[in-house]
Number of protein chains: 2
Amino acid sequence: MSESVAPHARASEPTSRGAATARRISAAAVDLVIEHGYDATTVDMICAAAGVSQRTFFNHFPTKEASVIGVDGPRLDESRVRSFIAGTSPSILGDAIELIAQSVLAAAPDIDGMRRRMQAITSSPTLMQRQIDQFAVIERELAEIVQYRLARVSSPDEPEGDLQAQSRLTAHLLAGVMRYVAGAVMAGDRAAAGDAIIETRRQLAALLPKLAGG
Amino acid sequence: MSESVAPHARASEPTSRGAATARRISAAAVDLVIEHGYDATTVDMICAAAGVSQRTFFNHFPTKEASVIGVDGPRLDESRVRSFIAGTSPSILGDAIELIAQSVLAAAPDIDGMRRRMQAITSSPTLMQRQIDQFAVIERELAEIVQYRLARVSSPDEPEGDLQAQSRLTAHLLAGVMRYVAGAVMAGDRAAAGDAIIETRRQLAALLPKLAGG
DNA sequence: ACAAGAATTACAGTAACTGCACTTTTCTAT
DNA sequence: ATAGAAAAGTGCAGTTACTGTAATTCTTGT
């Protein structure tokens with residue numbers, strides 16, 4: 001049936017038959033979106049390119065968008081979370097940015113594939129928006145983690161409700177920062193994502209005292 | 001044809017014929033979404049309730065979503081922007097929150113209608129997401145405004161590029177804060193939106209020094 | 001080899017949205 | 001007041017994303 005199922009990029013997992021076609025579909029989607037743009041790419045086109053029926057497409061991906069950006073957003077790395085909570089650096093926000101960035105990077109086994117996907121995503125505001133939304137999913141998780149760390153630098157008589165509110169607030173703040181980073185990277189302000197993150201930490205360090213009113 | 005076009009709530013503008021039907025459609029949409037939920041409400045249902053053809057519906061609203069949340073997001077009030085820039089309060093973030101909140105409130109002539117719309121929006125995660133996206137539109141505008149204010153509390157030898165980056169960052173941060181406020185209001189943590197804003201300012205004042213690393 | 005189960009498929013249908021050509025209503029100039 | 005222009009509304013046909021159902025083709029353990 002299928003002539004070949006991509007002879008390259010077979011690094012770690014055996015990946016069941018189903019997952020293989022999912023990757024084939026996703027790859028086709030990314031390619032077509034890069035070539036024609038998101039709106040001009042129909043599901044039928046993707047199916048034809050992947051050698052698959054439309055119904056199979058929707059068995060693997062809930063939406064056309066998902067076939068390009070992926071089904072699941074990034075997850076926070078368990079061990080990195082632990083060291084974040086235990087961290088003593090004065091910049092909680094900076095540490096959190098690092099935590100997120102490292103987790104995302106760690107979850108990307110295929111660098112080249114990720115680069116292409118990024119390229120496809122930047123071609124459409126819709127996709128960029130969804131990508132950002134995906135990041136927001138870890139917000140709740142993040143709020144919980146920040147609360148532990150925040151408790152250590154707070155005065156003991158501060159009510160727990162405040163601490164919880166501040167943690168949630170921090171998580172939303174972080175989402176804003178990540179959004180800024182994403183924007184900076186996509187706008188090409190910085191060559192690599194790593195540079196953008198370092199730069200953002202620097203700006204943040206200079207900015208926060210002003211906002212807080214030093 | 002239409003039995004009556006809502007005999008109440010005719011306060012200020014004459015509002016051309018076209019705008020009137022747009023309001024009729026939107027009102028029908030909000031009502032139906034509150035009753036059946038967003039997904040279970042079809043465009044055809046809205047059209048029937050508004051006494052309008054489907055084609056007319058899409059002449060007034062680009063999407064089904066727009067008929068519920070509105071076409072345009074909030075705009076910043078001109079005079080309030082001026083006094084924000086001229087402000088001397090130590091909390092820039094706090095002032096900015098106030099600016100946004102007041103602008104949004106000022107743009108809502110019909111309190112009861114807004115309340116109903118809010119109720120409809122909260123019934124669906126999709127709609128909530130779109131509502132938040134709408135807020136993001138003023139981000140660019142906000143970044144420009146913040147830059148003027150930020151320039152006054154920065155050292156004169158700080159490069160302008162940094163100032164610009166920090167302004168943009170602040171705008172994204174603010175988007176995060178507004179998102180938090182929206183979430184708090186919708187979750188019913190606070191009775192009124194005004195309370196939520198005041199409370200958020202308080203939490204922010206306590207939080208920022210910790211994040212900055214005092 | 002064969003039965004159980006997963007993967008894929010065709011088919012038919014719903015719902016959002018668009019372009020086009022047409023009718024009706026409203027506004028404006030005389 | 002009335003004609004003519006402009007705006008608002010409509011019907012229809014078509015595209016595209018997405019879903020349910022039931023039949024069909026692999027894949028795999030024994």
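All values derive from a computational prediction rather than experimental measurement. Only heavy atoms go into these numbers, but all of them, side chains included; no hydrogens, no water, no symmetry mates. Letters go in sequence order (proteins before strands), and every chain restarts at 1.
The CG-P distance, from N59(A) to dT24(D), rounds to 18 Å in whole Å. Taking atom NE2 of H60(A) as the reference point, atom P of dA7(C) lies 7 Å away to the nearest angstrom. Atom-to-atom, CZ of F57(A) to P of dA10(C) comes out at 16 Å; the value is rounded to the nearest Å. For the pair R23(A) CZ and dA7(C) P, the interatomic distance rounds to 14 Å; values are reported in whole Å. Residue F61(A) contributes atom CZ, which lies 14 Å from atom P of dT19(D) at whole-angstrom precision. I25(A) has its CD1 atom 12 Å from the P atom of dA7(C), to the nearest Å.
Not one N or O on the side chain of S26(B) forms a donor-acceptor pair closer than 3.5 Å with the backbone of A22(B). Listed for the S103(A) side chain is a donor-acceptor partner under 3.5 Å among the backbone atoms of L99(A). Looking at E144(B), its side chain never comes within 3.5 Å of a backbone N or O of R168(B) through a donor-acceptor pair. Although no hydrogens or angles enter the test, the distance criterion places a donor-acceptor pair under 3.5 Å between the side chain of T42(B) and the main chain of M45(B).
A side-chain donor-acceptor contact under 3.5 Å links Q203(B) and E199(B). With 3.5 Å as the limit, one finds a donor-acceptor pair spanning the side chains of D77(A) and S79(A). Judged purely by distance below 3.5 Å, without hydrogens or angles, the side chains of T170(A) and S167(A) never pair a donor atom with an acceptor atom.
Residue T56(B) places none of its side-chain N or O atoms closer than 4.0 Å to OP1 or OP2 of dG9(D).
Counting only Watson-Crick and G-U wobble pairs whose two distances sit under 3.5 Å, DNA chain C takes part in these stems of three or more pairs: C:1-30 with D:1-30.
The two residues I85(A) and R149(A) have their closest heavy-atom pair at O-CD, 3.7 Å. Nearest heavy atom pair, residue Q166(A) against residue A206(B), reads NE2-CB, 3.5 Å.
Annotation: proximity of residues 118-134 of chain A to DNA chain D (heavy atom, distance under 4.0 Å) is found for no residue.
L211(A) has its side chain within reach of L173(B): a pair of non-hydrogen atoms, C-beta onward, lies under 4.5 Å apart. Annotation: side chain of F84(A) is not in contact with side chain of L76(A) (no heavy-atom distance under 4.5 Å).
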Practice task
If a protein heavy atom is under 4.0 Å from the base, mark B; if only from the sugar-phosphate, S; if neither, -; do that for nucleotides 12-17 of chain D going 5' to 3'.
Solution key: B---SS
